[in-house]
Amino acid sequence: MWHGRFKKEMAEEVLDFTQSLDIDWRMAECDIQGSLAHVKMLGATGLLKEDEAEKIALGLEKVLEEIKAGKFIPSKSLEDVHMNIEARLTEIEPLGAKLHTARSRNDQVATTTRLYLRERLKTLRDELKILLRVLTANAERHINIIIPGYTHMQQAQPISMGHYWLAWFEAFSRDLDRLDFALKSLNESPLGAGALAGSTLPIDREMTSRLLDFDCPTRNSLDTVANRDYMTDYHYFASVLMIHVSRLCNDLITWNTQEFAFIILPDEFCTGSSMMPQKKNPDVLELARGKTGQVLGNLIDLLITLKGLPMTYNRDLQEDKRGLWSSLDTVESVVRILSALLEKLEVDERLALAGLEKGYSLATDVAEYLVMKGVPFREAHLKVGKLTGWCIENKISFAELTFEQWREHISEADEDILKSLSPRESVNRRNTYGGTGFKQVEKQIKIAKEKMRD
Ligand code: ARG
């Protein structure tokens, strides 16, 4: 297409090295969508005669049909998706030679990629909303189940399993906000920025922006062809989301061990061992955790590609898509399978509670009980700490202590201390806003549901 300036053909190995068809062909339909808007604008502004524009559009529709029918076999010798489509168009309709008027592949590739990313992000947004709904439903299903809450992987205080699911609801709804930001940052139209400086021809950038459902045309042509921030915004969203996924999966993998054993993973989401007949392995959760590295790597990959790149377009930017596809495909599949698994996950209420009864996770409750009797918190902390030490030495749990034994260690204790010593009561009484108390969790479920309705 640029042979005018050259005496020799491009070397075969250079073509192999520089082509991007294997990566960008998946954007073919979006590329045509962009071209259709462009040609319509060329017709409306008089840069092409109306009937010329119509014929080109018709030709583009034909190419689109061929692609959809799987009949279009693109050629690497034409370098990328853009050139392949233009070449085929011109075969079908010689007027196709006028399509690239006032356009460069630099504004074209930015437009096509934004359109493609926008489509994928909309699908992902729906998937993420399903995950949020499943988490809310699980919170409702499991609100009355008491599990140990951990800090430092040490039993800390009893919590409602519903509260646990809502913690992930919070994290993933922040991800939804980040996704919306990424969607907003990509939604400006690059078309008309040209190679870098705009065009001498009287194009209408507002019109193409409108036709492609962008919010507005971009404001600076140099920035437009140099900018890949909309991709880094996506990668950052994806990375943080996968960090959340990997932490959640790790909890579930741990709780699924024989030592914890208080969650039951659905059989159809687990795998067995080729040698050990007893095994039921949480491979889906492990793979979701394992895929996190790729997604984080793709963020860093793009950031390093961009670092130090001169204003404006540089061919390095062609390397921006491989990681984007990898990350889009991974995140979509992870979110989808995670929702399906969580929907069927069960909790063994009895085992969750049994684990709690061996420990001393009600120690804070006892200290706060003493605070209500007028004991300064530091003093209460010391007393309960000493009692815990004594219990550990004597291999006895709080639940096994008689009222007399309580009295021996804590003179302020009254009979009512015994009834406050159940994990359920402990959860019930943590009734501060955002706390694990059942009433609070109910309130948060309601808020979550309202949020999902919006
Ligand atoms: N295949 C190229 C890419 O993905 C298209 C833009 C080529 N522009 C150029 N000036 N060589 O970035």
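Note that the structure is a prediction, hence the values are computed from the model and not measured. Counting starts at 1 for both ligands and their atoms, following the listed order.
Of the protein's non-hydrogen atoms, the one nearest atom 4 (O) of ligand 1 is Lys321 NZ, 2.9 Å. Atom 7 (C) of ligand 1 has Tyr313 OH, 3.6 Å as its closest protein atom, hydrogens excluded (heavy atom only). Counting protein heavy atoms only, atom 2 (C) of ligand 1 is closest to Gln318 OE1, 3.2 Å. Among all non-hydrogen protein atoms, the one lying nearest atom 8 (N) of ligand 1 is Asn106 OD1, 3.0 Å.
Taking 4.0 Å as the cut-off between side-chain N and carboxylate O, Arg429 and Asp365 do not count as a salt-bridged pair. Looking at Asp267 and Lys280, a side-chain N of the basic residue comes within less than 4.0 Å of a carboxylate O on the acidic one, giving a salt bridge. Under the 4.0 Å criterion applied to side-chain N and carboxylate O atoms, Glu93 and Lys62 are not assigned as salt-bridge partners. Between Glu188 and Arg114 there is no salt bridge, since no side-chain nitrogen of the basic residue lies less than 4.0 Å from a carboxylate oxygen of the acidic one.
Polar contact with ligand 1: absent for Glu79 (N/O pair, distance under 3.5 Å).
Close contacts between ligand 1 and Ser20 involve ligand atoms 1 (N) [criterion: under 4.0 Å to a heavy atom]. Those atoms of ligand 1 with a heavy atom of Asp80 less than 4.0 angstrom away are 1 (N), 2 (C), 5 (C).
Using cut-offs of 30° and 60° on the angle between ring planes, the pair His381 and Phe377 is perpendicular. Using the six-membered ring where Trp is involved, Phe262 and Phe260 have ring planes that are perpendicular, over 60° apart on the 30 and 60° scheme.
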